[in-house]
J.: 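First the structure, then my questions, so here it is.
These values consider heavy atoms only, across backbone and side chains, with no hydrogens, waters or symmetry-generated copies. Per chain, numbering begins at 1; letters A, B, ... match sequence-line order.
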Number of protein chains: 4
Amino acid sequence: MAVKPHKAMRKPRADSVRNRERLLAAAADVFRTGGAEASLEAVARRAGVGIGTLYRHFPTRDALFEAVYRREVEQLSELAEALALADDPVVALREWLRAGIRLVATKRGALKALALAVDSSSDVYAFSQANLTRAAGLLLQRAMAAKRIRDDVTADDLLHVLIGISLMGKETGSEEKVSRLVDIFVDGLLE
Amino acid sequence: MAVKPHKAMRKPRADSVRNRERLLAAAADVFRTGGAEASLEAVARRAGVGIGTLYRHFPTRDALFEAVYRREVEQLSELAEALALADDPVVALREWLRAGIRLVATKRGALKALALAVDSSSDVYAFSQANLTRAAGLLLQRAMAAKRIRDDVTADDLLHVLIGISLMGKETGSEEKVSRLVDIFVDGLLE
Amino acid sequence: MAVKPHKAMRKPRADSVRNRERLLAAAADVFRTGGAEASLEAVARRAGVGIGTLYRHFPTRDALFEAVYRREVEQLSELAEALALADDPVVALREWLRAGIRLVATKRGALKALALAVDSSSDVYAFSQANLTRAAGLLLQRAMAAKRIRDDVTADDLLHVLIGISLMGKETGSEEKVSRLVDIFVDGLLE
Amino acid sequence: MAVKPHKAMRKPRADSVRNRERLLAAAADVFRTGGAEASLEAVARRAGVGIGTLYRHFPTRDALFEAVYRREVEQLSELAEALALADDPVVALREWLRAGIRLVATKRGALKALALAVDSSSDVYAFSQANLTRAAGLLLQRAMAAKRIRDDVTADDLLHVLIGISLMGKETGSEEKVSRLVDIFVDGLLE
DNA sequence: GATGAATGAGGTTTCATTCAT
DNA sequence: GATGAATGAAACCTCATTCAT
């Protein structure tokens, strides 16, 4: 039987849970449409809750941001794990970059969050930082172990390239250009 | 006989010229530190002029932005012309990217402008668009003519890479990482 | 069974009500002293609330204006109803004009609103338009029915006179002059 | 031979005179279109001169205002003089009010100036104050001397009525209503 | 005298954040 | 817990006015 802490973590109220979900969905929406500087009131409004409720759930803008973006991070790292099982580690790498870019492309808000996770020292992003680095590292190590790519590249580099190319890919019809850039970059990685 | 405009352009006041310069410098500074959404009042403050003066010189944020960023563009394209004279076109390419990134790194404001110039259709940026494409094209053509690099890369791609890597390089001490990324990318370009 | 709106109107916060009152009082004051273009910040300041609070209650200057002025209109039309019970309809008319002018004189802000209500086609003022016309018509009809005054005067005319004389009476110590003008005008009305 | 003051009043420069005229015309225009609070820069712009020039000619807004409006005042008082020669002093009175109202109706800016001249104590308006009072007095005295109207009305009252009815007459199609109001008022004046 | 640049006060408006209910 | 009102800092922008040329 589990030890019970002095102050029991009580089951959260049903509406509290629902509100949290709504806020996350609303935030994803609003950040996607209005960019990462969109007003928190807009988020609350769209979620159909009071601004106070937003603040209770996410005391800072960053906290909300992180929560929204944690989902993307998780998808990205699950993808890495899946691809790590592929036959060709270079193909896996290429695929991961492409998929990652595609993912980010559909969620505008995520981009800045991604960038923050890599760049910033804010510990709100520690989780994502770790998670993403692990995912990228996984793929790199496999490729390096197979002596297929140069060994002076770090997981961090890979993340930066992902972000960089994503940042570029905001144009219309950039799909094919992005693809070419990924190719060039991966070609540059080859031994 | 010199062409004379209908209403002769009177000699600009000394302080007007000085203020314009100061504003541009201040804007470059402020945009670098605070991003492209930094407040115009901060710019005026740093330039040591009244907010009204800023507005007289640059009636909209975009006007200021464009003016600041025209300088970077000009520097960048002059650099391309200089490097076009170098012996090794691949080295020239590498150098241009590095220098470009370094340039942008010191003037963060320019980055967004750069991105806009490439991405957006706003005709404020038509000048830069043209200018930069020409510069990048110059270097690419030389390298392609020498059969040193693959021929499916466009000037536009190069610009995107420049922007992309710049966007990544916002951390401190990224100098060496950026350098590595440029290398990887240029390696990918080689035939 | 009482009609219940879909989303029940929760009891307003005590301070909210208080602030609304204060704002209306302050606005009346400030508009009276400073005219209708007085700054909204001045209104907030005098009400002792933050400027944001003013904006929450009255999102536009017109909204505030209308709210302030609705009171005057109501007072004015209640007065007409009271006077309609007087013995002499001409005396009632005279009294109403005098009282109306006095009322307006103490609330200068209302003056422009009054003018707007009669002149403009803005539907914000439709309510007042109707209300005032009804009030003036009440008095006129009684006097006409008694064959005491000429019958080519309309409620609208009466309102215009009220406004006109009020507009004149901005000087200090005009009490007696205004009184004389009302007399002259009412004399002109007599059959 | 005239005494020559120590500092001779030299003949004004031709362009100075021209600018003054232009400014007056521009101001009349701008005040009519944009109301009395229109910006002085707009006036200068329309006159095609620098803002500094405007200030040299009219050091305060009031000074400009007064200069523009002096013309109307003069017309109004000339009219009074002309009408003083008419046979029927009551008709003259009626006519003067009507004409005055018509005059003001075509020059929006003038209205406020008129009101100021009567209401304010600003000595910029002393000239107009005097001029108008004289004009109104002329007509009143004739009518009183002929025992046609009550004797407790002052020139000041008459001016107020003129202003008041003008202020009312901003609606469209008010021509006929204004006319009726003037009639009523003049009827009220009759002995 | 004419010009138009410089200045800054002051108005408007928006939001992040706190707090009363 | 949820709600939304209150708050004020801060941005934007527009002139009136002064002053350098």
J.: Return the 5'-most residue of the pair A:Glu41, A:Val49 with respect to DNA chain F, ranking by each residue's nearest nucleotide.
T.: A:Val49
J.: Kindly give the heavy-atom pair with the smallest separation between C:Ala63 and C:Pro59, and that separation in Å.
T.: CB-CD, 4.1 Å
J.: Using Watson-Crick or G-U wobble geometry with both distances under 3.5 Å, which nucleotide pairs with E:dG4?
T.: F:dC19
J.: Can you measure C:Arg45 atom CZ to E:dG10 atom C1' for me and round it to whole angstrom units?
T.: 9 Å
J.: Do D:Phe65 and D:Phe31 have ring centroids that are under 6.0 Å from one another?
T.: yes
J.: Check whether any side-chain heavy atom of D:Leu40 sits under 4.5 Å from a side-chain heavy atom of D:Tyr55, and report yes or no.
T.: yes
J.: May I have the distance from A:Leu23 (atom CG) to F:dG4 (atom P), rounded to whole angstrom?
T.: 13 Å
J.: In whole Å, I'd like the distance from the CZ atom of A:Phe65 to the P atom of E:dA16.
T.: 13 Å
J.: Ignoring backbone atoms, test whether B:Asn19 places a side-chain nitrogen or oxygen under 4.0 Å from the OP1 or OP2 oxygen of E:dA6.
T.: yes
J.: Taking CZ from C:Arg22 and P from F:dA6, how many angstroms apart are they, rounded to a whole number?
T.: 11 Å
J.: Quick check: on DNA chain E, is the nucleotide nearest C:Gly52 upstream (toward 5') of the one nearest C:Ala42, or the reverse? Name the residue that is more 5'.
T.: C:Ala42
J.: Nearest-Å distance, CZ (D:Arg56) to C1' (F:dT18)?
T.: 13 Å
J.: CD1 of B:Ile51 versus P of F:dC15: gap in Å, rounded?
T.: 15 Å
J.: Does a side-chain N or O of A:His57 approach OP1 or OP2 of F:dG1 to a distance below 4.0 Å, or not?
T.: no
J.: For C:Asp15 and F:dG4, give me the distance from atom CG to atom C1', rounded to whole Å.
T.: 10 Å
J.: Should the pair D:Arg18-D:Asp15 be classified as a salt bridge under the 4.0 Å nitrogen-to-oxygen rule?
T.: no
J.: Identify the nucleotide, in any strand shown, that forms a Watson-Crick or G-U wobble pair with F:dC12, with both distances under 3.5 Å; if there is none, say none.
T.: E:dG11
J.: Using whole Å, report how far CZ of B:Phe58 lies from P of E:dA6.
T.: 11 Å
J.: State which of F:dG1, E:dA6, E:dT12 makes the closest approach to the side chain of A:Ser16.
T.: F:dG1
J.: Heavy atoms under 4.0 Å, any strand shown: does D:Thr53 hit a base, just sugar-phosphate, or nothing?
T.: base
J.: When all nucleic acid strands are considered with a 4.0 Å heavy-atom cut-off, which category describes B:Leu40: base, sugar-phosphate, or nothing?
T.: sugar-phosphate
J.: Counting only side-chain N and O atoms of A:Arg61, is one of them less than 4.0 Å from OP1 or OP2 of E:dA16?
T.: yes
J.: Return whichever of C:Arg20 or B:Pro59 has its heavy-atom-nearest nucleotide of DNA chain F closer to the 5' end.
T.: C:Arg20
J.: Side-chain contact test, heavy atoms from C-beta onward, threshold under 4.5 Å: evaluate it for A:Arg20 versus A:Val17 and give yes or no.
T.: no
J.: Please examine the side chains of D:Ser16 and D:His57, heavy atoms only from C-beta on, and report whether any two atoms are closer than 4.5 Å.
T.: yes
J.: Return yes if the base of F:dC15 and the side-chain atoms of D:Glu37 contain a donor-acceptor N/O pair under 3.5 Å, otherwise no.
T.: no
J.: Hey, which of these two, D:Leu54 or C:Tyr55, hits DNA chain E nearer its 5' end, going by closest nucleotide?
T.: D:Leu54
